[in-house]
Amino acid sequence: MTRRSSATPSIRDVAAAAGVSYQTVSRVLNDSPRVNADTRRHVLDAIERLGYRPNRAARALGSGLSNTVTVVVANTTLYGYAATLQGIEEAARSAGFAVGVRVVESDGPADVQHAVEHVSDPNAGGVVVIAFDTAGAEVLRALPANVPAVAATEAGGLAGVSRSMVFLDERQAAVDATSTCWTWGIARCTT
């Protein structure tokens, strides 16, 4: 089979170039110990020569795992939301995950349902809901139990929601910070 030079090579193209089955190419890509060193080298050479890149969606479907995190957020411009989104993205990237963002327009039932349907797709990967507002809280409450999700919430979390939640108790943090401070015209704190 002759391929156009602009076409994206497939796993079967790699297999043909290396003289092996596509299952063997898959084993090499998944670092299986059941592939001998010479075969592995031929497959890796064919991958390099063809410029093959594995299809992440196909790998996720085949393995049941996705290296993707989808963040659901109602606002990407306010400081708290943006800073939380940035922290999630940085942590995910350092762990080898890609990050997608799904903005939920409002806490209206139709908008919440669209967001839930989007992140319920297995290709969405894990879900992080920034639930600092009603829209985020409603998405979190509406997620099916089989969707892997965690939430960043206001202090105390969300009542009646049995998901893992992360929050900063800003009031208690302020009390703790000011309990070691005193004022002499300006605030001075001890360390």
Side-chain angles (χ1 to χ4, degrees), residues 4 6-13 22 26 29-30 51-177:
R4 295 184 331 245
S6 64
T8 302
S10 71
I11 193 170
R12 292 181 189 277
D13 296 325
Y22 75 90
S26 178
L29 292 170
N30 292 307
Y52 172 75
R53 297 292 171 257
N55 180 321
R56 282 185 272 161
R59 292 182 84 177
L61 288 173
S63 69
L65 302 173
S66 175
N67 285 346
T68 304
V69 173
T70 300
V71 180
V72 178
V73 60
N75 190 314
T76 59
T77 60
L78 292 176
Y79 177 77
Y81 296 83
T84 302
L85 182 58
Q86 179 183 1
I88 293 166
E89 189 279 328
E90 289 173 357
R93 184 170 17 99
S94 70
F97 285 78
V99 176
V101 177
R102 173 64 184 200
V103 175
V104 58
E105 298 292 328
S106 76
D107 61 358
D111 288 335
V112 168
Q113 187 59 36
H114 285 134
V116 168
E117 288 171 1
H118 179 84
V119 298
S120 294
D121 181 319
N123 291 326
V127 178
V128 179
V129 180
I130 300 177
F132 295 162
D133 50 38
T134 308
E138 290 305 313
V139 169
L140 189 62
R141 286 186 178 102
L143 283 175
N146 67 333
V147 174
V150 297
T153 67
E154 292 286 320
L158 296 172
V161 176
S162 61
R163 298 277 187 170
S164 295
M165 293 180 232
V166 177
F167 60 87
L168 171 65
D169 188 341
E170 293 172 342
R171 286 195 174 114
Q172 187 60 49
V175 169
D176 293 346

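Keep in mind that what you see is a predicted model, and the values were worked out from it rather than measured. Position 1 is the first residue of the sequence; numbering continues from there.
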Enquirer: With a 4.5 Å cut-off on side-chain heavy atoms, are Tyr52 and Leu29 touching?
Expert: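 Contact flag for Leu29/Tyr52 side chains = yes.
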Enquirer: Determine whether Arg93 and Val99 make a side-chain contact, defined as any pair of heavy atoms from C-beta on separated by less than 4.5 Å.
Expert: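 No - every pair of side-chain heavy atoms lies 4.5 Å or more apart.
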Enquirer: Counting neighbours of NE2 on His118 that are heavy atoms of other residues, nucleotides or ligands and sit closer than 6.0 Å, is the number greater than 12?
Expert: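 Above 12, so yes.
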Enquirer: Give the C-alpha distance, both sets of side-chain angles, the deciding distance and a yes or no for side chain to side chain contact (heavy atoms under 4.5 Å, CB included) between Val129 and Leu143.
Expert: CA-CA 10 Å; Val129 180; Leu143 283 175; 4.1 Å; yes
Enquirer: Mind listing the closest non-hydrogen atom pair of Ala74 and Val103 along with its distance?
Expert: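 Taking Ala74 first and Val103 second, the nearest heavy atoms are O-CG1, 4.1 Å.
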Enquirer: For residues Gly96 and Asn67, report the shortest heavy-atom separation together with the two atoms involved.
Expert: O-CB, 3.9 Å
Enquirer: Would you give the length of the straight line joining atom CZ of Arg141 to atom OG of Ser162, rounded to the nearest 0.5 angstrom?
Expert: 11.5 Å
Enquirer: Do the non-hydrogen side-chain atoms of Tyr81 and Thr84 ever get within less than 4.5 Å of each other?
Expert: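 Tyr81 does not reach Thr84 side chain to side chain.
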Enquirer: Can you find a pair of side-chain heavy atoms, one from Ile88 and one from Ile130, that are under 4.5 Å apart?
Expert: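 A side-chain contact under 4.5 Å exists here.
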Enquirer: Please tell me if the side chains of Val101 and Val73 come closer than 4.5 Å, counting only heavy atoms from C-beta onward.
Expert: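 Val101 reaches Val73 side chain to side chain.
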Enquirer: If I compare all heavy atoms of Glu154 with all of Phe167, which pair ends up nearest, and what's the gap?
Expert: O-CB, 3.4 Å
Enquirer: Are any side-chain N or O atoms of Asp13 and backbone N or O atoms of Ser10, one a donor and one an acceptor, separated by less than 3.5 Å?
Expert: yes
Enquirer: Side chains of Pro144 and Val116: does their closest heavy-atom pair fall under 4.5 Å?
Expert: yes
Enquirer: Mind listing the closest non-hydrogen atom pair of Phe97 and Val69 along with its distance?
Expert: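 Closest heavy-atom pair between Phe97 and Val69: CD2-CG2, 3.9 Å.
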Enquirer: Side chain to side chain contact (heavy atoms under 4.5 Å, CB included), that's the test. Do Arg102 and His114 meet it? Break it down for me.
Expert: CA-CA 10 Å; Arg102 173 64 184 200; His114 285 134; 3.5 Å; yes
Enquirer: Please tell me if the side chains of Ile11 and Ser26 come closer than 4.5 Å, counting only heavy atoms from C-beta onward.
Expert: yes
Enquirer: With side chain to side chain contact (heavy atoms under 4.5 Å, CB included) as the criterion, how do Leu140 and Leu158 come out once you've worked through the C-alpha distance, each side chain's angles and the decisive distance to 0.1 Å?
Expert: CA-CA 9 Å; Leu140 189 62; Leu158 296 172; 3.5 Å; yes
Enquirer: Please round to the nearest 0.5 Å and tell me the distance separating atom CG of Leu85 and atom CG of Asn75.
Expert: 10.5 Å
Enquirer: Within the 4.5 Å heavy-atom criterion, are Val150 and Arg163 side-chain neighbours or not?
Expert: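 No, too far: nothing below the 4.5 Å cut-off.
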